[in-house]
Number of protein chains: 2
Amino acid sequence: MPVASSDPASPGGYAHRGRRPSTSREALSRAALHLFASRGYEATTVDDIAAAVGVSRRTFFRYFESKRDAIWGEFDAELARLETELGSAAPDEPMMDVLTRAVVTTNRFGAGELDELRIRIGLISTVPSLIAHSAVRYAEWRDVVAAFAARRLGRAPDDLAPQALARAALGVAAAAFDSWASGDSDDLGGAVEQAFRLLSGGFGDGDPQP
Amino acid sequence: MPVASSDPASPGGYAHRGRRPSTSREALSRAALHLFASRGYEATTVDDIAAAVGVSRRTFFRYFESKRDAIWGEFDAELARLETELGSAAPDEPMMDVLTRAVVTTNRFGAGELDELRIRIGLISTVPSLIAHSAVRYAEWRDVVAAFAARRLGRAPDDLAPQALARAALGVAAAAFDSWASGDSDDLGGAVEQAFRLLSGGFGDGDPQP
DNA sequence: TTCCATTTTGACATCGAGTGCGATAAATTG
DNA sequence: CAATTTATCGCACTCGATGTCAAAATGGAA
């Protein structure tokens, strides 16, 4: 029963003051994704999404800050996991190794999620308005990586080196995601690992494995 | 007389059909920049900008696709220069060397332009709405670099390696710009070079010069 | 049961970005 | 002067986003 947490009579759910929600973040997110995928992002209005789950436009904006945010699923949670992963690494493990492993492990998805993920990434990297918004979400990701790099390098988080590393890491990770999303491989982790190997190698030789 | 090209009686200017422009792209861009810097980006409306140069709101949108675009100065021209620079390099010069040099040389600015440039970059990397839009403009930059890398690596432009390199290069270049803009150094080129050295070195050692 | 506190939802108004369209103003050419 | 060309203007409209307030639904306490 993957209906998640919108069931009003949820089992084990304890007493609940006030009116019960008539929808959920997830229901709105899914409805939005499907509408975006079928009609196109720009052609879908917030009213359409709200109507698809039977709520008013205003209610949509109680669950999401903006129409764009509806496509970012559980990004906040993934970000928190990345932070934990980076924070709990052994201090003697090389910086780039830690980073690669952390990015790979925070991006494991079950087989059932891959189809939707592919659609999400496809939209995010294709629709101008979503490309634009991605920069804002990715900035949060960058900050986490920059903080980690700053600790490892003994610099301030907004010094050039940590910032350059964070942005470069974001770049190769995004390249891996896009490449995966536009192909038909199942191995997202493999693409991420390959991209980070290129980065660690300084893009030096035409052939990445010596 | 830095009033540029909006002078109706321009010397040597030859005959000119139709009504003369009552403003110019540059005048609008400057007015926008000053308003953004003083009142803030969000608090400045397109009407404000148009009014500042004595023109209607509708006319603003004849010169810029959007309010956000008003801050991107001569980006298109810089992009064309980057493309030329990358295309005309000696085929035996190492890829990363060519790239570094091209980025440095396409970002030389005269001393008179540095103050405005600092404000532009500060806004672009600070205001959420402009951070977002930067992704769209930077995507054009990435495409140019990816095409160059693809030629050098003998791959298609949207293969993982060229894409990863292009995005990583963009990342470190942006880090250099931000770092420069938030400091008080005059040496933008130096920052860019340092960032690319980190990238070429794979962020391997804590100390970038071996 | 009745009343209250809490929470979600909805209706309405408002603002600003962006677009389409047609009218008008100013300039050159003949 | 008329025809043509180009730039500007005004207006109406859509849509995303925000603020405000009233209404609906629910659990708990009196």
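Computed over heavy atoms, backbone and side chain alike; hydrogens, waters and symmetry mates excluded.
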Chemist: Nearest-Å distance, CZ (Phe60(B)) to P (dA17(C))?
Modeler: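 Rounding to the nearest Å, CZ of Phe60(B) and P of dA17(C) are 9 Å apart.
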
Chemist: Which nucleotide in the set dA17(D), dA17(C), dT9(C) lies at the smallest distance from any side-chain heavy atom of Phe61(A)?
Modeler: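 Nearest nucleotide to the side chain: dA17(D).
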
Chemist: Flag yes if more than 12 heavy atoms outside Glu78(B) fall under 6.0 Å of its CD atom; otherwise flag no.
Modeler: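 More than 12 heavy atoms, drawn from other residues, nucleotides or ligands, come within 6.0 Å of this atom.
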
Chemist: CZ of Arg19(A) versus P of dT26(D): gap in Å, rounded?
Modeler: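 For the pair Arg19(A) CZ and dT26(D) P, the rounded distance is 8 Å.
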
Chemist: So, using side-chain hydrogen bond (donor to acceptor under 3.5 Å, both in side chains) as the criterion, who are the partners of Asp186(A) when residues are at least two apart?
Modeler: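 None.
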
Chemist: Nearest of dC9(D), dT19(C), dG16(D) to any side-chain atom of Val55(B)?
Modeler: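 Of all the options, the side chain of Val55(B) is nearest to dC9(D).
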
Chemist: Report the nucleotide, chosen from dC9(D), dT8(C), dA17(C), that has the shortest atom-to-atom distance to any side-chain atom of Thr59(B).
Modeler: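 Nearest to the side-chain atoms of Thr59(B), counting from C-beta on, is dC9(D).
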
Chemist: Which part of the nucleic acid, if any, lies within contact of Tyr63(B), taking any heavy atom under 4.0 Å across all strands shown: a base, the sugar-phosphate backbone alone, or nothing?
Modeler: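 If one applies the 4.0 Å heavy-atom cut-off, Tyr63(B) turns out to touch the sugar-phosphate alone, with no base involved.
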
Chemist: State which of dA17(C), dT9(C), dG10(D) makes the closest approach to the side chain of Ser56(B).
Modeler: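 Output: dG10(D).
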
Chemist: Checking Thr45(B) against Asp48(B): is there a side-chain donor and acceptor pair closer than 3.5 Å?
Modeler: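 Yes, Thr45(B) and Asp48(B) have a side-chain donor paired with an acceptor closer than 3.5 Å.
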
Chemist: Is there a donor-acceptor pair under 3.5 Å between the side chain of Ser29(B) and the backbone N or O of Ala70(B)?
Modeler: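 Yes: the side chain of Ser29(B) pairs with the backbone of Ala70(B).
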
Chemist: Where along residues 38-54 of chain B does a heavy atom fall under 4.0 Å from DNA chain C?
Modeler: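 Per residue number, the list reads Thr44(B), Thr45(B), Val46(B).
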
Chemist: Considering only NZ, NE, NH1 and NH2 on the basic side and carboxylate oxygens on the acidic side, decide whether Arg101(B) and Glu93(B) come within less than 4.0 Å.
Modeler: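 Answer for the salt bridge query: yes.
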
Chemist: Calculate the interatomic distance between Arg17(B) atom CZ and dT4(D) atom P; express it in whole Å.
Modeler: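 Atom CZ in Arg17(B) sits about 10 Å away from atom P in dT4(D).
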
Chemist: Any side-chain donor-acceptor pair under 3.5 Å between Asp69(A) and Ser66(A)?
Modeler: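 Judged by distance alone, the side chains do pair up.
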
Chemist: To the side chain of Arg20(A), which of dG16(D), dG18(C), dT26(D) is closest?
Modeler: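 Closest nucleotide among those given: dT26(D).
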
Chemist: Taking CZ from Arg57(B) and P from dT19(C), how many angstroms apart are they, rounded to a whole number?
Modeler: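 Going from Arg57(B) (CZ) to dT19(C) (P), I get 10 Å.
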
Chemist: Can you tell me how far C1' of dC15(D) sits from CG of Leu35(A), to the nearest Å?
Modeler: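 After rounding, the reported distance stands at 16 Å.
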
Chemist: Considering only side-chain heavy atoms of Arg62(B), which listed nucleotide, dA7(D), dT9(C), dG16(D), is closest?
Modeler: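 Nearest to the side-chain atoms of Arg62(B), counting from C-beta on, is dA7(D).
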
Chemist: Taking C-beta and beyond as the side chain, do Trp180(B) and Leu114(B) meet within less than 4.5 Å on heavy atoms?
Modeler: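 A side-chain contact under 4.5 Å exists here.
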
Chemist: Restricting to side-chain hydrogen bond (donor to acceptor under 3.5 Å, both in side chains), what partner residues turn up for Asn107(B), sequence neighbours left out?
Modeler: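 Result, side-chain hydrogen bond (donor to acceptor under 3.5 Å, both in side chains) vs Asn107(B): none returned.
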
Chemist: Where along residues 123-139 of chain B does a heavy atom come under 4.0 Å from DNA chain C, residue by residue in number order?
Modeler: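 None - not one residue of the stretch has a heavy atom sitting under 4.0 Å from the strand.
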
Chemist: Of all the choices, dT8(D), dA17(C), dA17(D), which nucleotide is nearest to the side chain of Arg68(A) once you look at every atom?
Modeler: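 Closest nucleotide to the Arg68(A) side chain: dA17(D).
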
Chemist: Check Ala89(B) against Arg152(B) and note the closest heavy-atom contact, atom names and distance.
Modeler: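 Ala89(B) and Arg152(B) have their closest heavy atoms at CB-NH2, 4.2 Å.
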
Chemist: So with a 6.0 Å cut-off around CD of Glu113(B), is the heavy-atom count from everything else above 12?
Modeler: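 Result for CD/Glu113(B): enclosed.
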
Chemist: To the nearest Å, give me how far apart CZ (Arg25(B)) and C1' (dT8(D)) are.
Modeler: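 Between C1' of dT8(D) and CZ of Arg25(B): 18 Å.
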
Chemist: Please list all pairs meeting side-chain hydrogen bond (donor to acceptor under 3.5 Å, both in side chains) that have one or both residues in residues 162-179 of chain B, counting only residues at least two apart or in different chains.
Modeler: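 Those involving residues 162-179 of chain B are Arg167(A)-Asp178(B), Asp178(A)-Arg167(B).
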
Chemist: May I have the step-by-step check of ring pair (Phe, Tyr, Trp, His ring centres under 6.0 Å) for Trp72(B) and Tyr138(B), ending in yes or no?
Modeler: CA-CA 11 Å; Trp72(B) 280 86; Tyr138(B) 284 152; 5.6 Å; yes

Chemist: Compute the angle between the rotation axes at the two ends of the helix from dT1(C)-dA30(D) to dG30(C)-dC1(D), each taken over five pairs, rounded to 10 degrees.
Modeler: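 End-to-end axis angle: 20°.
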
Chemist: Would you mind reading off the distance between Lys67(B) atom NZ and dG18(C) atom C1', rounded to a whole angstrom?
Modeler: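 Going from NZ in Lys67(B) over to C1' in dG18(C) covers 12 Å.
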
Chemist: Can you say whether a donor on the side chain of Arg58(A) sits under 3.5 Å from an acceptor on the base of dA17(D), or the other way round?
Modeler: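 For Arg58(A), whose side chain was compared with the base of dA17(D), there is no donor-acceptor pair (under 3.5 Å).
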
